[in-house]
Amino acid sequence: MRLFDILALLIGLSALFSWLNDRFLKLPNAIGLMLVALVFSLLLQLPLPFAPGLEGQVAHMLESIDLTEAFLHGMLGFLLFAGALHVDLSELARQKWAVITLASASVVGATLLIGIGSYLLFLALGIPVPFLYCLVFGALISPTDPVAVLGILKSAKAPKSLEMKITGESLFNDGVAVVLFMALLTLATGETTLALGETLFLLIKEILGGLLFGVVLGWVALQMIRHTENYQVEIMVTLALAMSGYAIAAHAHVSAPIAIVIAGLIIGNHGRATAVTEATRHRLDDFWELVDEVLNAVLFVLIGLEVLVIEVTGDLVLAGLLAIPLVLVVRFVSVGVPIHLMRRSRSFEPGVVPILTWGGLRGGISVALVLSLPKGPVADILLTVTYSVVVFSVLVQGLTLGPLVRAVAAWTRRDSV
């Protein structure tokens, strides 16, 4: 299929599924889109007399899309910039230690624990997955996706400080997880002979390099915006920042996701306060909210359709089902232990650990990373297991997070009486 045909089909399906969700299901958009796309995929596998061969055509379209390339080197920069643009830097600064810990130590700890747990799980089921690839699985399934959860937290009237912890963690842990994933994958495939210390040094260099490069990118874009009053030019500068800045950071071998988050925070806070007019601010917000909405719609439709190209066997389905509680338990430990240690010097909201655990939804980045694995039996195994965890987290955790937040709030009020 031509690129235009693929884009036309994806946008068309996204619009149709969005309308169906808005008209009938009325679920949060990301959850509703993924559910409708998943049902659509399952229907395609039935013998439909009015659409012979449609399943094969859609599956062929999915196989022709390099989702890893499209997401990690396309959508991700826009999504991270759009998310960072609306984050209050002063509130983020108040939660900085919790965010830094959750986005770094918790990701590394979760990677190690999931790697060990999944290795034992695959061993018990007789599924051959080397230990290093289990660590790779831990790295790709550790980052959380804020897209579906933030709307739920707002509607459930969750505390602002809790929203900021989840938002900040999700924005920064993508960059840490991608760097960790790449380092572990090169070890697993034998593409590098670096020692552990050298690998950690490269990991830290990419993260710190991303932070510094993001500051430079944000400052340059901010100066350009300050010296023009044309809102079309200002929007073009931010568009170039999200796209060109991401590409330059990737070629400079620093963390592009972290660089774009930092740049987005600078434009969203200092740019709003000092560089743009009120009218431009509204136009800028409207533009990036639309970009965010369209890209997320396409992404979650793609995730829902991916069921057509995954391998489904009894052992792999069982491994996927058992991986769900494993990932949840590790999430509980990886956020619970740091928060317990930090309670000695700072206060946290009641129920913060269960909410962070259940609200740690997995999404597009996990699917994109697993699809980037070298083709082979191990990649097929990890794709099925990853897909099982992602579908459960978005549909089950996403749909029940609101009641959990309200239940915790009610329990807290009752205890305070």
Side-chain angles (χ1 to χ4, degrees), residues 7 10-11 30 66-89 92 143 145-147 150 167-168 170-179 206-207 209-228 230-273 275-276 280-300 302 363-365 368:
L7 291 174
L10 286 176
I11 294 293
D66 187 340
L67 186 58
T68 305
E69 186 70 23
F71 183 71
L72 292 183
H73 302 291
M75 294 182 184
L76 186 58
F78 295 107
L79 293 172
L80 290 175
F81 184 82
L85 202 61
H86 298 96
V87 171
D88 184 342
L89 195 55
L92 182 64
D145 189 334
V147 174
L150 289 181
T167 304
S170 299
L171 286 173
F172 285 102
N173 70 9
D174 285 355
V176 175
V178 168
V179 174
E206 284 225 7
I207 293 170
L211 289 169
L212 293 174
F213 192 68
V215 171
V216 173
L217 283 175
W219 184 84
V220 170
L222 185 60
Q223 301 314 308
M224 294 174 69
I225 290 172
R226 276 181 175 155
H227 291 88
T228 180
N230 186 322
Y231 80 88
Q232 292 102 328
V233 174
E234 292 173 348
I235 289 175
M236 185 69 73
V237 169
T238 63
L239 192 61
L241 177 59
M243 181 180 287
S244 304
Y246 193 97
I248 294 169
H251 285 291
H253 300 293
V254 298
S255 175
I258 290 177
I260 293 304
V261 168
I262 296 297
L265 288 172
I266 291 172
I267 298 300
N269 288 269
H270 297 296
R272 285 169 183 273
V276 299
T280 298
R281 191 176 302 123
H282 289 308
R283 289 186 174 108
L284 191 65
D285 287 346
D286 289 344
F287 173 80
W288 279 103
E289 284 173 10
L290 180 61
V291 169
D292 190 45
E293 191 69 27
V294 170
L295 289 181
N296 275 311
V298 172
L299 176 60
F300 277 89
L302 276 172
I365 193 164

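For this chain, numbers begin at 1 and follow the sequence in order.
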Query raised in the report: For L7 and V298, what are the C-alpha separation, side-chain angles and deciding distance, and is it a side-chain contact (heavy atoms from CB on, under 4.5 Å)?
Result: CA-CA 9 Å; L7 291 174; V298 172; over 6 Å; no
Report task. Report the C-alpha distance between I365 and D145 in whole Å, list the side-chain angles of each, state the deciding distance to 0.1 Å, and finish with yes or no for side-chain contact (heavy atoms from CB on, under 4.5 Å). Result -> CA-CA 8 Å; I365 193 164; D145 189 334; 5.9 Å; no
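What you find for D174 and P143 is that their closest heavy atoms are OD1-CB, 3.7 Å. Across all their heavy atoms, A275 and L222 have their closest contact at CB-CD1, 3.9 Å.
In this structure, D286 has no side chain to side chain donor-acceptor pair (under 3.5 Å) partners at least two apart in sequence or on a different chain. Remark: N173 pairs with T144 by the side chain to side chain donor-acceptor pair (under 3.5 Å) rule, at least two apart or across chains. With sequence neighbours excluded, no residue forms a side chain to side chain donor-acceptor pair (under 3.5 Å) with R283. For V216, the side chain to side chain contact (heavy atoms under 4.5 Å, CB included) partners at least two apart in sequence or on another chain are V220. Residues satisfying the salt bridge (Lys or Arg N to Asp or Glu O under 4.0 Å) test with D285, not counting sequence neighbours, are R272. E293 pairs by the side chain to side chain donor-acceptor pair (under 3.5 Å) definition with N29, not counting sequence neighbours. With sequence neighbours left out, R226 forms a salt bridge (Lys or Arg N to Asp or Glu O under 4.0 Å) with no residue at all.
Between V176 and F172 the shortest side-chain heavy-atom distance does not fall below 4.5 Å.
Rounding to the nearest 0.5 Å places OG1 of T280 at 9.0 Å from CD of Q232. Note that the OG1 atom of T238 and the CE atom of M243 stand 11.0 Å from one another [nearest 0.5 Å]. Separating the CG atom in L171 from the CG atom in L92 is a distance of 8.0 Å, to the nearest 0.5 Å. Note: L85 CG to L284 CG = 5.5 Å, rounded to the nearest 0.5 Å.
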Output a table of donor-acceptor pairs, distance under 3.5 Å, between side-chain atoms of residues 247-271 and any protein atom two or more places apart or on a different chain; print 'none' if there are none.
residue: S255; atom: OG; partner: I258; partner atom: N; Å: 3.4
residue: N269; atom: OD1; partner: L89; partner atom: N; Å: 2.8
residue: N269; atom: ND2; partner: V87; partner atom: O; Å: 3.0
residue: N269; atom: ND2; partner: L265; partner atom: O; Å: 2.9

Please report, to 0.1 Å, the donor-acceptor pairs under 3.5 Å made by any side chain of residues 66-84, with sequence neighbours excluded.
residue: D66; atom: OD1; partner: T68; partner atom: N; Å: 3.3
residue: D66; atom: OD1; partner: E69; partner atom: N; Å: 3.1
residue: T68; atom: OG1; partner: A368; partner atom: O; Å: 2.7
residue: T68; atom: OG1; partner: S372; partner atom: N; Å: 3.1

